[in-house]
Amino acid sequence: MNIPASEFARRRRQLMRIMGTDSIAIMPAAMPSPRNRDVEYPFRQDSDFLYLTGFSEPEAVMVLVPGRRNCQYILFCRERDPVMETWHGRRAGLEGAMELYGADDAFPIGDIDDILPGLLEDRERVYYTMGRDLEFDNHLMGWVNQIRSHARSGSHPPHEFITLEYLVHEMRLFKSRAEIKMMREAARVAMQAHRRAMEKCRPGKYEYEIEAEYLYEFRRHNMEPAYPSIVGGGENACILHYTENTEPLNDGDLLLIDAGAESQGYASDITRTFPVNGRYSPAQKAIYELVLKAQKAAISKVRPGNHWNDPHIAAVRTLTRGMVELGLLKGRPADLVKKEEYRKFYMHRTGHWLGLDVHDVGDYKIDDQWRLLEPGMVLTVEPGLYIPAGSRGVSRKWWDIGVRIEDDVLVTQTGCEVLTADLVKEVDEIEALMAGQDASLVRAVKKKAARKKVTRAGKKKAVKKKQVRKRA
Ligand code: GLY
Ligand code: MN
Ligand code: MN
C-alpha cells in the first residue's frame, strides 16, 4: 500500500498554483549522514522532498517550473549504473524518475550546473528554503551569480527569494485520505507492539529487551521506529527523553514506553505506562487515573473551531485540580494554573502535530493567535506527571512515579477520531492484558454495564414521569 503517484502529482500542481507562473521551486533531497568510516546512518529522505516527489533516493534535486509548456517537473537524480548498483543497491535512474515518479523530464545529478542556470533565467521568484543545506545554498548562489555576470548580454536573474518550506508545511498540515490511511497503518502496528510489550514485560527483564519487542513488531511489518523508543522503568520514567534503555525492570516500578512506528514515512506516536509486575500500586493508580482523566478532558476539546491550546488548557486544569486533591500541590486550583505551578510535575505541552515528522510541521499560531483546529489535522494528546525521588515537599509514596499517556487524534468534520483508540489504557484493561486475559472482554463487559446503567436510569425517569402525570 502506497500513496499513489497521482497524489504526488496533485500536490505538485497545488504548490505550483500557489507559486504562480514566473517562479521556480528548487528542493534538494536529504544528504546521507556518516556514522563512521565507510558506514552511514540509514538514509531517511527529507520529509518535504518525500511529500512532493515520493522519491526516496539521495543525490536528487526537484525543480518545479510552473507555466512551462510540457515540462514543469524536472528531477535531477543518479543514473543507472550496474557497478554502483552492485555495491550500493538499486536506483530508479532517469527513466524510472519519469515512469515511476512522474517527472516530465529527468537529468543526471552531475549535469545540474549546466542546466539549472538556464531554468532560473528570466524567472522572477525563486522558492527555496535557505539554511537547511549550506552546500546547496552556495550552489544556488553560484548559479544566480552566473546569470548576473551575463546581465550585459540580456540575462535576467531572479530578484525575489521566498522560502519554500512555509507553503509546503501548510499543505502537509492537512492530511489527505491516503495519508490518513498510512497513519492508521503506522498506528495499528504501534498498538500491536505496545500490546506485545505489556504481554512480555516481567520483573528482572531489561528495558532493552522490551525495546526489542517493538523493533521486532515494527520490522516484521516493514516499518521502523518513527523516533528512538523511550523505554523507561522506575525513575527513568521521569526523564522525558530517556532513550538509553539499559536498566533492569524492577518489581513494583512503573514502565513508561513512548514508541511509534513509521509507515512509508508517516509516524505514529504512542505512550503507555504500565506496572512492571502487572498490578498498579494504589499510589501509581491514583496518578495514572489522574493523567488518564486529563487526557480524556483534553481529547474532548479536539474538534473543529476549538483552538490549538484548548486541549492543553483542559489537561492542565484537570491535572492541577487532581494534584491539589492528592496533596501534591497546595492552593486554589485556578491560582495554581495561573502561576503555572503544575509545571513542577508537568513540564511539557499536551501535544504536537503528527505526520511525516513525528513533531510535524505547520504553524501553531497565526498572527499571534492560537490556530483553530480543522478537519484533516492530526495531533497527539499526551499529558503526563513526573515525580522524581527527592521532589521537595512531596510524600515518598509518590516518588519515582512517571506517567504519560499519548494517543494520536485526527480532527474530523464533527469532532475527532482517536486513531490509537484500540490500544488499552484503562487500569483494569491493562491489568487484564498483563495477566494474560482478553482485555477486549473487560472493555465489552464495561460497555454493557454502562448501557444497562443508562437504560435503568432511563426507566427510572420514565416511571417518575408517569407518576407526575398521574398526580397531575
Ligand atoms: N515521542 C516524542 C513525543 O512524544 O513527542
Ligand atoms: Mn511520544
Ligand atoms: Mn508525542
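Note that ligands are numbered from 1 as they come in the structure, with each ligand's atoms numbered from 1 the same way.
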(request) Taking atom CZ of Arg219 as the centre, report whether more than 12 heavy atoms of other residues, nucleotides or ligands fall under 6.0 Å from it. (result) yes
(request) Provide the closest heavy-atom pair for Ile430 versus Pro275 in the form atom of the first, atom of the second, distance. (result) CG2-CD, 4.4 Å
(request) Return the set of residues passing ring-ring contact (aromatic ring centres under 6.0 Å, His included) with His221 (not counting sequence neighbours), or none when no residue passes. (result) none
(message) Contact between ligand 1 and Val358 is defined here as a heavy atom of the residue under 4.0 Å from a ligand atom; is it met?
(response) no
(message) Donor-acceptor pair, distance only, cut-off 3.5 Å: does the side chain of Gln295 make one with the backbone of Val381?
(response) yes
(message) Tell me if the aromatic rings of Phe55 and Phe8 count as close, with their centers under 6.0 Å from one another.
(response) no
(request) Would you please indicate yes or no on a ring centroid separation below 6.0 angstrom for His348 and Tyr386? (result) yes
(request) Quick one: list whatever passes side-chain contact (heavy atoms from CB on, under 4.5 Å) with Ala193, sequence neighbours left out. (result) Tyr214, Glu217, Phe218
(message) Among all protein heavy atoms in this structure, tell me which lies nearest to atom 5 (O) of ligand 1, with the distance rounded to 0.1 Å.
(response) His359 NE2, 2.6 Å
(request) Give the total of protein N/O/S atoms at a distance below 2.8 Å from the Mn ion (ligand 2). (result) 4
(request) Verify the distance test for His359 against the Mn ion (ligand 3): any N/O/S atom under 2.8 Å, yes or no. (result) no
(request) Report, in ascending order of atom number, the atoms of ligand 1 lying under 4.0 Å from any heavy atom of Tyr227. (result) 1 (N)
(request) With sequence neighbours left out, write down each residue that passes salt bridge (Lys or Arg N to Asp or Glu O under 4.0 Å) with Arg332, or none if nothing qualifies. (result) Asp335
